[in-house]
Amino acid sequence: MKFDTKTVQFQQKMDAANVSKGQPIYQTTAFAFKDLDDLEDFFRGKKDFLYTRVGNPNTDDLAAGVAQLEGAPKGVATSSGLSAVLAAVLSFAKHGDHIVACEDLYGGTYQLMAHELASFGIEVSFVDFTDLNEVEKAIQSNTKALYSESVTNPLLRVENIEGIVSLAKKHELISVIDNTFATPYFIRPYELGVDIVLHSATKYIGGHSDVTAGVVVGREEYMEQAKNKVVNLGANLSPFEAWLACRGLRTLSIRMERHAKNAQRLAEVLQGEVGVKKVYYPSTVSEKGNGAIVSMELDETCDVNEFFKSLGWVKMVATLAGVDTSVSYPIATSHRQVPEETRQKLAITPGLVRISVGIEDSGDIISALKQAVKASLR
Ligand SMILES: *Cc1c(COP(=O)(O)O)cnc(C)c1O
């Protein structure tokens with residue numbers, strides 16, 4: 001099956017006798033057994049489901065669907081993108097281990113790595129992944145993994161995944177990539193040799209701003225451990241949330257195609273606007289397009305608050321990736337906790353605005369943003 005077919009036709013677990021066209025929601029905490037032999041069949045691996053925290057057809061569908069699209073053998077669904085990060089890390093790291101992570105991680109991931117992993121006895125160094133020599137220098141005798149994001153937030157740097165994979169192989173390290181911004185439609189890190197790939201399904205996998213979820217996929221040995229962590233730490237996803245994410249996933253291809261077309265056009269137009277100092281939109285993500293996020297820096301002639309006040313139907317939010325266009329202000333939300341000097345180093349300035357380009361008519365999106373930039377001019 002081709003990618004566009006797989007996104008629609010990924011598996012529907014259970015009910016082989018009564019295949020429904022739409023997948024039912026198995027909104028149940030547990031599954032019933034006929035007798036003790038039937039129960040033992042679960043522990044012999046002949047039956048799939050016992051208790052929803054341990055497994056459920058809807059959560060399994062989501063995990064299997066994303067794994068198939070990433071070209072990975074196995075996946076695990078989690079309660080959020082952040083619990084997917086935790087499950088990925090705990091699938092290989094234990095007390096005394098060290099991870100080298102990229103310095104411009106998603107804010108929530110940075111908080112988890114900088115402040116929570118220490119209580120598990122796991123140490124993290126943050127380095128500039130644009131320079132793989134710096135990454136190599138940060139490797140210690142107890143380093144277990146290299147952790148990065150395929151396309152970074154909010155400046156949309158495209159990671160050199162092949163370079164990371166070969167560095168990881170050279171030092172016998174595990175490579176982990178957060179593929180949330182790129183989605184498997186544009187980049188498939190597992191197929192490039194990455195061991196573990198994860199998603200905040202809250203973003204493009206779900207795609208409709210109505211579900212918080214995560215997925216980890218990758219090599220079987222790590223997925224077994226990731227599944228144990230999700231079960232034992234209670235980081236499972238609920239059936240309804242999984243069902244919503246699956247419903248979103250089925251339209252991933254057509255959404256990403258439109259998102260990327262609209263984003264490309266918007267980036268081109270904003271480039272020439274008075275008041276716009278710089279536009280960030282990558283050009284090397286994939287031949288299918290370059291993603292759906294455009295960031296721009298408004299110059300000193302603009303009043304940024306006036307920009308946000310003048311957006312009309314475009315909402316200001318602290319997220320991205322819905323079918324509707326939205327904007328966010330990184331310095332006040334995702335990067336609020338990042339120290340000022342790091343923000344300066346990363347070029348996250350008071351003029352920086354991140355636009356999550358939706359699937360509406362591109363002309364309407366362009367007018368709304370042009371008009372807001374114009375209104376912000378002092
Ligand atoms: C949103 C996001 C996360 C965290 O996901 P949640 O679903 O909010 O827990 C992790 N990584 C990236 C790149 C994200 O955009």
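The chain is numbered in sequence order, starting from 1. Numbering of ligands and ligand atoms starts at 1, following listing order.
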* To do: Apply side-chain contact (heavy atoms from CB on, under 4.5 Å) to R53 and list each qualifying residue two or more places apart in sequence or on a separate chain.
  => Y51, V231, N236
* To do: Write out the protein residues near ligand 1, meaning a non-hydrogen atom under 4.0 Å from one of its atoms, in order of chain and number.
  => S80, G81, L82, Y106, T109, D178, T180, F181, S200, T202, K203, A213
* To do: Please test E40 against K46 for salt bridge (Lys or Arg N to Asp or Glu O under 4.0 Å), starting from the C-alpha separation and ending with a verdict.
  => CA-CA 9 Å; E40 280 313 305; K46 287 192 190 161; over 6 Å; no
* Asked: Tell me, which pairs form a salt bridge (Lys or Arg N to Asp or Glu O under 4.0 Å) where one or both residues lie in residues 307-331, sequence neighbours left out?
  -> E306-K309
* Asked: Between K137 and E134, does at least one N-O distance fall below 4.0 Å, as a salt bridge requires?
  -> yes
Scan the side chains in residues 209-216 for donor-acceptor partners under 3.5 Å anywhere in the protein, sequence neighbours excluded, and list what turns up.
none

* Asked: Just by modelled atom types, is the H335 backbone N or O under 3.5 Å from a matching donor or acceptor in the R343 side chain?
  -> yes
